[in-house]
There are 2 protein chains.
Amino acid sequence: MRQSATPLIEHSMTKPAKFDREDIIHRAANLYWEKGFHATSMRNLQEVIDMRPGSIYAAFGSKEGLFKEALDHYAQSGVDVLDDCVAKTDSPLAALKLFVEKAIAGQKTPAPSGMCMLVKTVAELTEENADLLAQAKQSLSVVEGEFAKLLAQAQANGDIDTEQTPQALARFLQVQIIGIRTYAHVNSDDQTIGQLVNATFNNPPLAKLK
Amino acid sequence: MRQSATPLIEHSMTKPAKFDREDIIHRAANLYWEKGFHATSMRNLQEVIDMRPGSIYAAFGSKEGLFKEALDHYAQSGVDVLDDCVAKTDSPLAALKLFVEKAIAGQKTPAPSGMCMLVKTVAELTEENADLLAQAKQSLSVVEGEFAKLLAQAQANGDIDTEQTPQALARFLQVQIIGIRTYAHVNSDDQTIGQLVNATFNNPPLAKLK
DNA sequence: ACTATAATTGAGCAAGTGTTCAATCAGTGT
DNA sequence: ACACTGATTGAACACTTGCTCAATTATAGT
């Protein structure tokens, strides 16, 4: 019954899982991201990941189990993007700004939803799905922690004011990103959104010192 | 079949609607607000508003019809609260700050959800419910317009900088409120949230001039 | 070839969904 | 009293939901 992510060699090998687990989760995540947890039915999922119910339940246990893995996948890919931004820029502050611009531009073509999937999840779910809710919150905290690290570096570099702790600055940045991406649903005018991003990085507490 | 909000006098009067329509909508709105559109079933609604399906459908037409009225009710009550804040304070800026504090404190006990129902709706719904989505967006725009009026007054009073248009400032304020209320789901520490509210009103572009 | 083992299938289940409608109920005007 | 009429009821409908499991398929080791 059990399926292993990477088929393990045991006493006697049998038919290995033919599907690419990462790819399946990626597709599932995109559907959940677009439609939300409740509005996504197992039938919808069966179609986009091209698996029959038995296989899905053998591999992921339940609708919630698959959603959990989708959330993990999404959060990890977010961290990957942030790391990529760090690699592509020459300062922590520039990395953060690039990340924000990418996140907000992603609202356009290829992303299932302009909103962060973690935020959508926190907004949608209640205590009826306490574990999923907790996981989304925790992933948001992890991202915030990554922000804090970069902001601490920016302070050490003398790029930004040190009046507030890196943690407080990270919270502030989270609020801006959540607010702007959500607001972009209502008014997605490029210039308007650009103004809001600039306001975030040009005013205290994140304004660059000269 | 039809039910009228205020039973009208016609050629021959019959049994008037016995329920208090405003009260019904209020209760329905609170349930929708708490659970979201998709996770709220008609059975759930039947219980909290104590009506049988036939009556609900005679009065509101459909699950979406009732949600529409719930959204309207919610948006109107938001405008009412804002007006109340204006009445209770001596400056437009103070009114806005009071409004923000009320909105964020409402996250505590009596409100069904810490998040704005309009924002939750915009986050949850897709083009599959285009009309409801459009309505939520439009209500958010209306609120933003109210903000803009007050901010224009604040500028006229010389309370805040005039470098940005009232509309731009209103957008900025919306982003802050959306961001903070959503963020409060993840980290609801009073002091932290207070800091974020203060940051909104103590930094440009909303900082009070002296 | 044969067997052991596990992945895969898909029909189908019990429960839940939004909604309808014939029957009943209860005020109003006569 | 009575009849008229619209509000109210709740059983029931067609459909969808998340999920199960016996049957089938496919591979690896003998």
Side-chain angles (χ1 to χ4, degrees), chain A residues 1-25 28 31-32 35-70 124-125 128-129 131-132, chain B residues 1-25 28 31-32 35-70 124-125 128-129 131-132:
Chain A
M1 275 305 169
R2 215 180 81 59
Q3 284 176 333
S4 40
T6 335
L8 296 171
I9 284 93
E10 286 166 9
H11 278 52
S12 83
M13 271 297 258
T14 59
K15 190 181 177 187
K18 79 153 186 258
F19 61 83
D20 178 345
R21 196 167 224 269
E22 270 301 302
D23 183 53
I24 294 294
I25 292 171
L31 187 65
Y32 275 130
K35 305 188 60 158
F37 179 76
H38 288 294
T40 303
S41 76
M42 291 308 289
R43 257 86 173 176
N44 296 155
L45 284 164
Q46 287 169 39
E47 287 168 22
V48 312
I49 71 183
D50 190 30
M51 284 173 79
R52 263 36 67 195
S55 294
I56 300 178
Y57 280 84
F60 301 105
S62 67
K63 187 187 179 184
E64 302 202 5
L66 179 50
F67 190 80
K68 176 179 158 39
E69 302 228 19
E124 179 184 2
L125 298 186
E128 284 178 31
N129 301 95
D131 40 351
L132 296 178
Chain B
M1 274 303 171
R2 209 179 132 298
Q3 285 175 335
S4 41
T6 334
L8 296 170
I9 283 93
E10 287 166 8
H11 277 56
S12 82
M13 271 295 259
T14 59
K15 187 183 178 187
K18 79 154 186 256
F19 60 83
D20 177 345
R21 195 166 223 268
E22 270 301 302
D23 183 53
I24 294 294
I25 292 171
L31 188 65
Y32 275 129
K35 306 189 60 159
F37 179 76
H38 288 295
T40 303
S41 76
M42 291 307 290
R43 257 89 174 174
N44 296 154
L45 285 163
Q46 287 168 39
E47 287 168 23
V48 312
I49 71 183
D50 191 30
M51 286 172 78
R52 265 33 69 195
S55 294
I56 300 179
Y57 280 83
F60 302 104
S62 66
K63 187 186 178 185
E64 302 202 4
L66 179 50
F67 190 80
K68 176 179 159 38
E69 302 228 21
E124 179 184 2
L125 298 186
E128 283 178 33
N129 301 95
D131 41 350
L132 296 179

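All figures in this text were calculated on a predicted structure; none of them were measured in a lab. Order of the sequence lines fixes the chain letters, A, B, ..., with proteins taken first and strands second; residue numbering starts at 1 for each chain.
We find that CD1 of I56(B) is positioned 10 Å from P of dT9(D), with the value rounded to whole Å. dC19(D) atom P lies 14 Å from atom CZ of F60(A), rounded to whole Å. Note: CZ (F67(A)) to P (dG18(D)) measures 13 Å, nearest angstrom. Here dT8(C) presents its P atom at 11 Å from CG of D50(A), a figure rounded to the nearest Å. dA12(D) atom P lies 16 Å from atom CD of Q46(B), rounded to whole Å. Atom CG in D20(A) sits roughly 16 Å away from atom P in dA7(C) (whole-Å rounding). Taking atom CE of residue M51(A) and atom C1' of nucleotide dC19(D), one finds them 14 Å apart after rounding to whole Å. When the P atom of dA7(D) is taken as reference, atom CZ of R52(B) falls 16 Å away, rounded to whole Å.
Interatomic distance, CZ of F37(A) versus NE2 of H38(B), reported as 13.0 Å (0.5 Å rounding).
Minimum heavy-atom separation, R21(A) to A59(A): NH2-O, 2.6 Å. Of all the heavy atoms in I49(A) and A28(A), the pair that sits closest is CG2-N, 3.9 Å.
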Distances under 3.5 Å between nitrogen or oxygen atoms of protein and nucleotides 15-18 of chain C:
from	atom 1	to	atom 2	distance (Å)
dG18(C)	OP1	T40(B)	O	3.4
dG18(C)	OP1	K63(B)	NZ	2.7
dG18(C)	OP2	M42(B)	N	2.6
dG18(C)	N7	R43(B)	NH1	2.8
dG18(C)	O6	R43(B)	NH1	3.3
dG18(C)	O6	R43(B)	NH2	3.4

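Without hydrogens or angle criteria, E124(B) side chain to G36(A) main chain gives no donor-acceptor distance under 3.5 Å.
The cationic atom of K63(B) (NZ for Lys, CZ for Arg) does not lie both less than 6.0 Å from the six-membered ring centre of Y32(B) and within 45° of the ring axis.
N129(B) is not listed as a side-chain neighbour of F67(B), based on a closest heavy-atom distance of 4.5 Å or more.
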